Number of protein chains: 2
Amino acid sequence: MTNQTPGATDALAEAVTGADDELLRSGRDAAATRRALVRAARRRFATDGYRATTVRQIAADAGVNVALINRYFVSKDGLFEACMLRTSDELDTRTPNPATSIDDVIARLVAHVVNAPDGDDPLQLLLLLRSSGDENADRIRRRTLEHFTQRLAAAAGWDADDPDTAPVLLRAQLAIATMLGVVMLRTSAAVQPVASADSDDLNGPLGQVFRVLLADPDH
Amino acid sequence: MTNQTPGATDALAEAVTGADDELLRSGRDAAATRRALVRAARRRFATDGYRATTVRQIAADAGVNVALINRYFVSKDGLFEACMLRTSDELDTRTPNPATSIDDVIARLVAHVVNAPDGDDPLQLLLLLRSSGDENADRIRRRTLEHFTQRLAAAAGWDADDPDTAPVLLRAQLAIATMLGVVMLRTSAAVQPVASADSDDLNGPLGQVFRVLLADPDH
DNA sequence: TCGTCATGTAAGCAGTCGCTGACTTGACGA
DNA sequence: TCGTCAAGTCAGCGACTGCTTACATGACGA
C-alpha cells in the first residue's frame, strides 16, 4: 500500500502550513486546492462530525472535484488527519507563552471560547472532540490535547519539574474540558442561556473557574 | 404519514419508562423488546454518535431483529428520540432536590462525572451532546439541558424568582458544560491524565469549580 | 510544434445504509 | 381444533457512501 499518487507524500505537510484561501476560483494550483479542501473540511468535520460529513460536501464547499480529495489526501481519513494537524499547529502558535501574566492567559482563554480573530475559531476547538475511528487520527488528537495541556500549564506559570506536576496538568486539563464543554453547548446544542451569552456575561464566571484551576496560590 | 404499525403510537412512552432488562433471551414480549432496543441504542449513540451507529448494530446488541426497530420506533430517528426522552427522565429523577446542602449537591455532581450507580451513567450524559440532525430530537435535547440547568440551579439553593436569575442559570450551565467536557475527554478522547484520574484526584479541583459556580456567597 | 507531465474531470464500481413488505411463528379464546 | 392477531423473520429495494479508473486539459521546455 505504498503511495503512488504524485504529490501525495508531502501534501499533508503542505496543506497544514500556510494561510487559508477563499473558495477556489480557477484550478491549476495544487497547493491552493489542498488549502481550500482542508479549510472546507475543518468546518464540516467540526460542526457535523466525521461520519455525517461526506467527501462530496467538502469538495462542493471548496469548489473542487471530489476525486482530488483522494488524490491529495489518499482518503477521507487522510484529509481528517490533515485537519487535525492544522488545528494542532494553530493551537501551538496561539497559546500564550509563560511570560504573560495569569490574568492575561485567562483573558485569552475566555476570548478563545467566546469568539476568535478569524471568526470560526471556537468551532476548530470542537475538532478535538471529533473522532473518525481511524487510529492514527485519534492518536494525533490525543497528542494535541495533551500538548495543549502542557503548554497551558506552562503559560499559567507552573514548573514542569514540579514534583507534583501531575495534579497541575489535571487542573489545566479541566480548564480545557470546561472550554470544550461550553463551546459544545453554545454551538452544537444551542442551549440557552449560554448559547446567546456574550463576552461580558461569560467573562466573570468563566474567569473565576479558570482562576480557581490555574492560579498558583504562591504567586 | 399517519402511524400504521400496531403498538407504535405508545411505544415511545412505554420504552421510556420502566427498568432496563438484560439482553433479550426469548421473544414474544413487545415491551421487553422495546426496552432492550433503547438500552442498546443509548450505549451505541452515546459512545459512537448517531451517524456512526447502525440499526443492525443496535439490533444485534439487543439480540433482536433489525426490522423491529422500524416497527416499534418507526425510524432510527424515532429510536434516538426515545433514548433522549429516557435520559431526560433519568436526569429528572436523579437531580437532588433543593433540600440537600450545597456540598452534597457538588459531591453528587462529581460522582456523576466519575462513575455512577449502574455503571455507564457518564456515557448517558454524552447523549446530550449528540445530534441526529432530526429537528424534533434536537429540540428534546435542548429542552432537557435547559431543564437540567434549572433543576441544578434550584438544587444549589437559588431562587427562581430572583431578579438576576439569568446569571444564575448561566453559572449552573457552565457547571454542566464542565461535566460534559470532562466526560468527553475521559471517554471519547481518552486524554491523559484526566482519563485515568479517579475520584480522589478529581474531587478537589472539580469541587472547587462547582463551588465557585454554584455556591451562594450569602449562604 | 510537439512531447511530457502535473492538474483536473467524468463516470461508475462495490459496499453499506435505512427501511419495506410479504411471510412465518406462537399464544389464546371460542 | 381452529381462527385470529400480535410478535418476529427474511430477503431485498433504492439511495448514498468512499474510492478508483480512464480520460481531458493546460503549461512549458526542447
Side-chain angles (χ1 to χ4, degrees), chain A residues 1-11 14-15 21 23-37 40-41 44-45 48-60 62-82 132-134 137, chain B residues 1-11 14-15 21 23-37 41 44-45 48-60 62-81 132-134 137:
Chain A
M1 201 64 76
T2 53
N3 213 328
Q4 294 159 327
T5 50
T9 27
D10 56 339
E14 247 183 83
D21 283 335
L23 189 137
L24 223 51
R25 293 274 165 243
S26 63
R28 298 278 155 189
D29 184 347
T33 299
R34 286 192 279 259
R35 284 195 298 269
L37 280 173
R44 286 283 185 184
F45 285 145
D48 302 339
Y50 180 80
R51 292 298 277 261
T53 300
T54 71
V55 289
R56 294 179 221 268
Q57 278 180 335
I58 297 174
V64 147
N65 192 279
V66 203
L68 297 180
I69 290 179
N70 299 104
R71 175 190 286 278
Y72 291 132
F73 301 98
V74 181
S75 66
K76 184 188 181 185
D77 265 326
L79 177 55
F80 183 73
E81 198 178 311
S132 72
D134 179 64
Chain B
M1 200 64 76
T2 52
N3 213 327
Q4 294 158 327
T5 49
T9 26
D10 56 337
E14 247 184 81
D21 283 335
L23 188 137
L24 223 51
R25 295 272 164 242
S26 63
R28 299 279 155 190
D29 184 345
T33 299
R34 284 192 280 259
R35 284 195 300 268
L37 280 173
R44 286 282 185 184
F45 285 146
D48 302 340
Y50 180 80
R51 292 298 277 262
T53 300
T54 71
V55 289
R56 295 177 220 266
Q57 277 180 336
I58 298 173
V64 147
N65 192 280
V66 203
L68 296 181
I69 289 180
N70 298 105
R71 176 190 283 278
Y72 291 131
F73 301 97
V74 181
S75 67
K76 185 187 179 185
D77 264 325
L79 177 54
F80 183 73
E81 196 178 312
S132 72
D134 180 62

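Proteins get letters first, then strands, A, B, ... in listed order; numbering begins at 1 in each. This is a predicted model, so every value here is computed, not measured.
- The CD1 atom of B:Ile58 sits 10 Å away from the P atom of C:dC19 (whole-angstrom rounding).
- In this structure, B:Asp134 places its CG atom 15 Å from P of C:dG18, rounding to the nearest Å.
- Within the 4.5 Å cutoff, the side chain of B:Arg34 has heavy atoms near those of the B:Phe73 side chain.
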Check the interface with nucleotides 16-18 of chain D: list each N/O to N/O pair with the protein under 3.5 Å, or write none.
{"unit_1": "D:dG18", "atom_1": "OP1", "unit_2": "A:Thr53", "atom_2": "O", "d": "3.2"}
{"unit_1": "D:dG18", "atom_1": "OP1", "unit_2": "A:Val55", "atom_2": "N", "d": "3.4"}
{"unit_1": "D:dG18", "atom_1": "OP1", "unit_2": "A:Lys76", "atom_2": "NZ", "d": "3.0"}
{"unit_1": "D:dG18", "atom_1": "OP2", "unit_2": "A:Val55", "atom_2": "N", "d": "3.2"}
{"unit_1": "D:dG18", "atom_1": "N7", "unit_2": "A:Arg56", "atom_2": "NH2", "d": "2.9"}
{"unit_1": "D:dG18", "atom_1": "O6", "unit_2": "A:Arg56", "atom_2": "NH2", "d": "3.0"}

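- Taking every side-chain heavy atom of B:Leu68 into account, D:dT9 is the closest of C:dT7, D:dT20, D:dT9.
- Here C:dG18 presents its C1' atom at 13 Å from CD of B:Gln57, a figure rounded to the nearest Å.
- Following rounding to the nearest Å, A:Asp29 (CG) and D:dG26 (P) show an atom-to-atom distance of 16 Å.
- Scanning for side chain to side chain donor-acceptor pair (under 3.5 Å) contacts around B:Asn65 gives an empty result, with sequence neighbours left out.
- To the nearest angstrom, P of C:dC17 lies 16 Å from CG of B:Asp77.
- Between B:Thr33 and the phosphate of D:dG8, there is a side-chain N or O to OP1/OP2 separation shorter than 4.0 Å.
- Listed here is the closest heavy atom pair of A:Leu37 and A:Ala59: CD2-CA, 4.3 Å.
- Distance CD1 (B:Ile69) to P (C:dC17): 12 Å, rounded to an integer number of Å.
- Rounded to an integer number of Å, the gap from OH of B:Tyr72 to C1' of C:dC19 is 17 Å.
- When each of A:Asn70, A:Ile69, A:Leu68 is paired with A:Tyr72, the side-chain contact (heavy atoms from CB on, under 4.5 Å) condition holds for A:Leu68 and for no other.
- Qualifying side-chain contact (heavy atoms from CB on, under 4.5 Å) partners for B:Asp48, counting only residues two or more places apart in sequence or in other chains: B:Arg44, B:Ala52, B:Thr53.
- When the P atom of C:dG18 is taken as reference, atom CG of B:Asn65 falls 14 Å away, rounded to whole Å.
- Qualifying side-chain contact (heavy atoms from CB on, under 4.5 Å) partners for B:Thr54, counting only residues two or more places apart in sequence or in other chains: B:Arg56, B:Gln57.
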Might you list the N or O atoms of the protein lying below 3.5 Å from N or O atoms in nucleotides 25-28 of chain C, with each pair's distance?
{"unit_1": "C:dT25", "atom_1": "O2", "unit_2": "B:Arg28", "atom_2": "NH1", "d": "3.3"}
{"unit_1": "C:dT25", "atom_1": "O2", "unit_2": "B:Arg28", "atom_2": "NH2", "d": "2.2"}

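- A:Asp134 and A:Tyr50 share no side-chain donor-acceptor pair at under 3.5 Å.
- Applying the side-chain contact (heavy atoms from CB on, under 4.5 Å) test to B:Ala41 and every residue at least two apart in sequence or in another chain returns B:Phe45, B:Ile58, B:Leu79, B:Cys83.
- Contact between A:Ala62 and A:Ala36 at its shortest, heavy atoms only, is CB-O, 3.6 Å.
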